[in-house]
Amino acid sequence: MVHQRRPRPRLSSSSYTQDIAPSIPAAALPPTTGPSAPPTAGLDPESWSALLAPRLAQFAGVARHEHVTRAAQDMNVPQSTLSRAMVRLEQDLGVALFARKGRTVSLTPAGRAFLTSVEGALAEVERAAEAVRADADPASGKVAFGFLHTMGSETVPELIRAFRADHPRIRFQLVQNYGEAMLERLRAGELDLCLTSPVPEAPDLVARRLDEQRLRLVVPDDHRLAGRRRIRLAEASDETFVTLEPGYGLRRITDDLCEAAGFRPRIAFEGEEAETLRGLVAAGLGVALLPPPAVARPGVVELTVTAPRAVREVGVAWLDGHPDTPPVAAFKRFLLSRRGHLLPD
C-alpha cells in the first residue's frame, strides 16, 4: 500500500516575513528568491518543521499568558503581528488552538495537547543551544580528540597533563582507534583533531607531521636472533610475523618495510592492538615490527632495525575548512608547538 502525503498549507515568503520580522533581525531571515523559497534554510520546505518552527515560541508565549497583548509585550513584538501569527498557525494546522474572548485566550483541548509537545521541543532546542555554547567556551569547552591505541598509555596522558597546566577546565572527549577509522570520524564531524600514523594525504584534510617513532623488530627471548642488538630486516625474511589487521597504519608500514627489504612477510596472526602482538611474540608465535612499549615486556627482545630505516611518522589531522572553537584552536596550537618533541625519547 502506498501512502500519499496529505497536502500541507504553505506559507508564502511574505506572510512568513510579516509574522516574524518584528522579532528577528533582518540579517537573520532566510533569503527569498520568490514565492517558492523555503521558509527555513536547511529544512524540507514541505515539512511541518519548516512551516511551524518560527511560530512555536510565540504560541507558547500566548498560551502561558493567556492574553495576546501581555504576551506581545513580553516578547517585544507588536500585538497585531502576534495575533496574525496565531491565526495563521491555526490555519496551517487546520485546528483551533485557542478559544478567544477579546484579547484573552484559553487553550482548547487540542491546544493543550499541542503545547505539551511544543514546550518539550523548545526545551530541547534550549538544551542543545546551551550545550554547543558550553562546548565552545574558551575556558571550559570541549575537544573531541582521537589517537592511536599505541599512544594511549603514555603519550596522550602526558600531552593532556601539560596542556591543562594552562587550560585546567577544558574538557576532552577521547577516542582511541586505528587511523582510517579516526579519519572517518573526523570527516563525520565526530572528532576535532586526531593523532595518527602515517600522516594522511587527502584533499579534504589538513595534516601536519609532528614527530617520528622508531620501530623495532620484537622477537621471543629464546629466539635465534635474541642475542643480537641490531638487525637488517632482510635477515628476518624467513620468520613468521604477527601484525595488525589490514587498514591499520602500522600494518601498512610493516608491509612497506618488508617489501623494501626484499620480501613479503608470512603472517600467522593479525590483531588490533600492539601490546597483544607483543604477548603473541612472547608466546613464541612469531616476530613483529612494533613501536617501543611504555613499559618493558618480559619474554621479548627488541632489536634495532638498521635497514631499511624503520620509523613511523606521527601527525595531527583535522578537517579542512572546519572552523575551530576556541578550545580546539588552543589545543591545536599546543600540539603544533610540540613538533619534534611529541613522543618520549
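Numbers here simply count residues along the sequence, with the first being 1. Since we're looking at a predicted model, the values are computed, not measured. Only this structure's heavy atoms are used, side chains among them; waters, hydrogens and symmetry mates stay out.
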Practice task
Take Met151 and Leu159 through the side chain to side chain contact (heavy atoms under 4.5 Å, CB included) test and state the conclusion after the steps.
Solution key: CA-CA 10 Å; Met151 297 182 181; Leu159 284 172; over 6 Å; no

Exercise for the section: Please examine the side chains of His322 and Val328, heavy atoms only from C-beta on, and report whether any two atoms are closer than 4.5 Å. Expected result: no

Handout entry: Lys/Arg N to Asp/Glu carboxylate O, Arg169 vs Asp137, below 4.0 Å
Key = no

Solution key, residues 179-188 side-chain donor-acceptor pairs under 3.5 Å, sequence neighbours excluded:
unit_1: Glu180; atom_1: OE2; unit_2: Arg252; atom_2: NH2; d: 3.4
unit_1: Arg185; atom_1: NE; unit_2: Glu190; atom_2: OE1; d: 2.8
unit_1: Arg187; atom_1: NE; unit_2: Asp204; atom_2: OD2; d: 2.6
unit_1: Arg187; atom_1: NH2; unit_2: Asp204; atom_2: OD1; d: 3.2

Problem - Chi angles and distances behind the side chain to side chain contact (heavy atoms under 4.5 Å, CB included) call for Val68, Val105 - result: CA-CA 7 Å; Val68 176; Val105 296; 4.2 Å; yes

Completion exercise
Here the gap from Cys258 atom SG to Arg264 atom CZ, rounded to the nearest 0.5 Å, amounts to 11.0 Å

Problem - Exercise: identify the closest heavy-atom pair between Gly315 and Val199 - result: N-CG2, 3.7 Å

Exercise for the section: May I ask you to say whether Arg64 pairs ionically with Glu119, meaning some side-chain N is under 4.0 Å from a carboxylate O? Expected result: no

Handout entry: Nearest-0.5 Å distance, CD of residue Glu235 to CG of residue Leu217
Key = 10.0 Å

Practice task
Treat each ILVMFWY residue as a node, draw an edge where side-chain heavy atoms are under 4.5 Å apart, and state whether Leu257 and Val314 are in one component.
Solution key: no

Practice task
Sort and list the pairs that fulfil ring-ring contact (aromatic ring centres under 6.0 Å, His included) and have at least one residue in residues 179-200, not counting sequence neighbours.
Solution key: none

Practice task
Enter the distance from Leu343:CG to Asp211:CG here, rounded to the nearest 0.5 Å.
Solution key: 4.0 Å

Practice task
Could you tell me whether the side chain of Leu336 reaches within less than 4.5 Å of the side chain of Val316, counting heavy atoms only?
Solution key: yes

Practice task
Let me know which of Arg84, Glu90, Met86 forms a side chain to side chain contact (heavy atoms under 4.5 Å, CB included) with Arg88.
Solution key: Arg84

Exercise for the section: Report whether Val87 and Val62 are members of the same hydrophobic cluster (ILVMFWY, side-chain heavy atoms less than 4.5 Å apart, transitive linking). Expected result: no

Practice task
Provide the closest heavy-atom pair for Ala207 versus Pro200 in the form atom of the first, atom of the second, distance.
Solution key: CB-O, 3.5 Å

Fill in the blank from the handout: Heavy-atom closest pair (Pro298 atom, Ala296 atom, distance to 0.1 Å) is CD-O, 3.8 Å

Exercise for the section: Fit a plane to each ring of Phe331 and Phe334, take the angle between them on a 0 to 90° scale, and name the class: parallel (under 30°), tilted (30 to 60°) or perpendicular (over 60°). Expected result: parallel

Problem - Test item: Leu303 and Arg216 side chains (from C-beta on) under 4.5 Å apart, heavy atoms - result: no

Practice task
Apply the test salt bridge (Lys or Arg N to Asp or Glu O under 4.0 Å) to residues Arg161 and Glu158: give CA-CA distance (whole Å), side-chain angles for both, the deciding distance (0.1 Å), then the verdict.
Solution key: CA-CA 5 Å; Arg161 184 202 64 77; Glu158 172 57 26; 2.8 Å; yes

Exercise for the section: Treat each ILVMFWY residue as a node, draw an edge where side-chain heavy atoms are under 4.5 Å apart, and state whether Phe263 and Val242 are in one component. Expected result: yes

Practice task
Nearest 0.5 Å please: distance from the OG1 atom of Thr108 over to the CZ atom of Arg100.
Solution key: 9.5 Å

Problem - Pairwise side-chain contact, Leu107 with Phe98, heavy-atom cut-off 4.5 Å (strictly under) - result: yes

Exercise for the section: Might you confirm whether atom CD of Glu245 has over 12 heavy atoms from other residues, nucleotides or ligands at distances under 6.0 Å? Expected result: yes

Exercise for the section: Could you pull out all residues at least two apart from Arg70 that satisfy salt bridge (Lys or Arg N to Asp or Glu O under 4.0 Å)? Expected result: none

Practice task
Evaluate whether atom CZ of Arg228 has more than 12 neighbouring non-hydrogen atoms of other residues, nucleotides or ligands under 6.0 angstrom away.
Solution key: yes

Exercise for the section: Heavy atoms only: give me the nearest His65-Asp74 pair and the separation to one decimal. Expected result: NE2-OD2, 3.1 Å

Fill in the blank from the handout: Rounded to the nearest 0.5 angstrom, the CG-CZ distance for Asn177 and Phe147 is 10.0 Å

Exercise for the section: Spell out, as yes or no, whether a donor-acceptor pair under 3.5 Å connects the side chain of Asp320 to the backbone of Val206. Expected result: no

Handout entry: Least distance between heavy atoms, Gly141 atom then Pro327 atom
Key = CA-CG, 3.6 Å

Exercise for the section: For the pair Phe163 and Phe172, name the ring-plane relationship: parallel under 30°, tilted 30 to 60°, perpendicular over 60°. Expected result: perpendicular

Practice task
Verify, without hydrogens or angle tests, whether His223 (side chain) and Leu225 (backbone) share a donor-acceptor contact under 3.5 angstrom.
Solution key: yes

Problem - Criterion side chain to side chain contact (heavy atoms under 4.5 Å, CB included) on Val305 and Leu215, from CA distance to verdict - result: CA-CA 7 Å; Val305 179; Leu215 302 180; over 6 Å; no

Problem - side chain to side chain contact (heavy atoms under 4.5 Å, CB included) against Val95, all qualifying residues, sequence neighbours excluded - result: Leu93, Leu97, Ala110

Problem - Residue pairs, two or more places apart or on separate chains, that pass ring-ring contact (aromatic ring centres under 6.0 Å, His included) and touch residues 111-143 - result: Phe59-Phe114

Problem - Taking every non-hydrogen atom, the tightest pair across Ile170 and Pro138 - result: CD1-O, 3.8 Å

Handout entry: Between Arg232 and Thr306, a side-chain donor and acceptor under 3.5 Å
Key = no

Handout entry: side chain to side chain contact (heavy atoms under 4.5 Å, CB included) evaluation trace for Val218 with Arg297
Key = CA-CA 10 Å; Val218 185; Arg297 175 76 181 247; over 6 Å; no

Check: residues 274-293 side-chain donor-acceptor pairs under 3.5 Å, at least two apart:
unit_1: Glu275; atom_1: OE2; unit_2: Arg278; atom_2: NH1; d: 2.8
unit_1: Arg278; atom_1: NE; unit_2: Glu302; atom_2: OE2; d: 2.8
unit_1: Arg278; atom_1: NH2; unit_2: Pro291; atom_2: O; d: 2.5
unit_1: Arg278; atom_1: NH2; unit_2: Glu302; atom_2: OE1; d: 3.2
unit_1: Arg278; atom_1: NH2; unit_2: Glu302; atom_2: OE2; d: 3.1

Practice task
Verify the cluster assignment for Leu244 and Val311: are they in a single hydrophobic cluster under the rule of side-chain heavy atoms below 4.5 Å apart?
Solution key: no

Practice task
Measure the shortest side-chain to side-chain distance between Ile267 and Arg251 over non-hydrogen atoms and say whether it is less than 4.5 angstrom.
Solution key: yes

Exercise for the section: With rounding to the nearest 0.5 Å, note down the distance linking CZ in Arg55 to CG in Leu82. Expected result: 11.0 Å

Practice task
Give a yes or no answer on whether the side chain of Arg214 reaches the backbone of Ala310 with a donor-acceptor pair at less than 3.5 Å.
Solution key: no

Handout entry: Pair Gln73, Thr69: side-chain N/O donor-acceptor within cut-off below 3.5 Å
Key = no

Handout entry: Validation row: Leu148, Leu250 side chains within 4.5 angstrom (heavy atoms)
Key = no

Exercise for the section: Find out whether Arg208 and Trp318 are in side-chain contact, i.e. whether some heavy atom of one side chain is under 4.5 Å from a heavy atom of the other. Expected result: yes

Practice task
Using a 4.5 Å cut-off on heavy atoms from C-beta on, say whether the side chain of Lys332 contacts that of Leu193.
Solution key: yes

